[in-house]
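Here's the structure, in structure tokens; my notes come after.
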Amino acid sequence: MTLLIQSIHWLVGVIVLAEALNKLERTGPTRAGLCKRERLLEWLKAIAWGLMAIGGAGAVITPLMQQMDVPSLQDMCILLGSAVLIVRTRIKEG
């Protein structure tokens with residue numbers, strides 16, 4: 001059961017990391033021509049996707065560590081929920 005949980009954690013980490021890096025690449029908080037509100041929103045988006053990328057990367061590299069801990073239920077729920085929303089959005093986009 002532990003291996004299954006760790007495998008799911010790793011897989012959703014890959015999904016979240018890939019999507020976060022994709023979205024982070026598209027943000028442009030320093031782009032010219034933005035008003036203050038738009039610039040603030042871009043910075044917030046960049047910070048949020050950056051944090052998501054760090055969380056996803058943590059899940060991806062966990063199996064490479066010497067001492068592997070079983071992810072907590074909280075970690076699993078956050079990453080799995082994010083991955084489900086990402087996949088849902090991609091399916092909806094067609």
Side-chain angles (χ1 to χ4, degrees):
M1 189 64 163
T2 302
L3 181 60
L4 177 64
I5 291 171
Q6 289 173 335
S7 298
I8 292 170
H9 189 249
W10 180 85
L11 179 62
V12 297
V14 168
I15 292 169
V16 170
L17 177 60
E19 184 68 10
L21 291 175
N22 182 32
K23 296 287 187 175
L24 191 56
E25 183 180 28
R26 296 179 186 184
T27 61
T30 59
R31 206 172 47 223
L34 295 177
C35 69
K36 288 182 182 181
R37 181 177 181 274
E38 290 172 331
R39 190 169 309 282
L40 173 64
L41 292 176
E42 284 294 310
W43 273 110
L44 291 174
K45 190 185 334 179
I47 291 168
W49 284 114
L51 291 171
M52 294 277 290
I54 292 169
V60 170
I61 65 167
T62 296
L64 302 175
M65 302 298 190
Q66 293 294 331
Q67 179 183 3
M68 289 191 339
D69 293 331
V70 177
S72 69
L73 181 60
Q74 179 182 2
D75 289 338
M76 285 292 295
C77 288
I78 291 170
L79 272 180
L80 190 55
S82 298
V84 168
L85 288 173
I86 289 166
V87 170
R88 177 199 162 272
T89 301
R90 290 294 180 164
I91 291 171
K92 186 178 171 184
E93 290 175 352

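Side-chain atoms of K23 and M52, non-hydrogen and from C-beta on, never get closer than 4.5 Å to each other.
Summarising the geometry of P29 relative to A46, their closest heavy-atom pair is CG-CB, 4.3 Å, with the distance given to 0.1 Å. A pairwise comparison of heavy atoms in P63 and W10 identifies CG-CD1, 3.7 Å as the closest pair. Of all heavy-atom pairs spanning L34 and G28, the tightest one is CD1-O, 3.4 Å. For P71 against I5, the heavy-atom pair with the smallest separation is CG-CG2, 3.9 Å.
L21 and V14 fall within a single hydrophobic cluster, where Ile, Leu, Val, Met, Phe, Trp and Tyr are joined by side-chain heavy atoms under 4.5 Å apart, directly or via other members. Side-chain heavy atoms closer than 4.5 Å link hydrophobic residues (I, L, V, M, F, W, Y) into clusters, and following such links, possibly through other members, connects L11 to V60. Put simply, L24 and I86 are part of the same group of oily side chains (I, L, V, M, F, W, Y) that touch within less than 4.5 Å, one to the next.
Atom CD1 of I15 is separated from atom CZ of R90 by 11.5 Å, given to the nearest 0.5 angstrom. I8 CD1 to L79 CG: the interatomic distance, rounded to the nearest 0.5 Å, is 12.0 Å. Atom NZ of K45 is separated from atom CZ of R26 by 10.0 Å, given to the nearest 0.5 angstrom. Between atom OG1 of residue T2 and atom NE2 of residue H9 there is a gap of 13.5 Å, rounded to the nearest 0.5 Å. The CG atom of L80 lies 11.0 Å from the CD1 atom of I78; values are rounded to the nearest 0.5 Å.
One finds no salt bridge joining R39 and E42 here, because no Lys/Arg side-chain nitrogen approaches an Asp/Glu carboxylate oxygen to under 4.0 Å.
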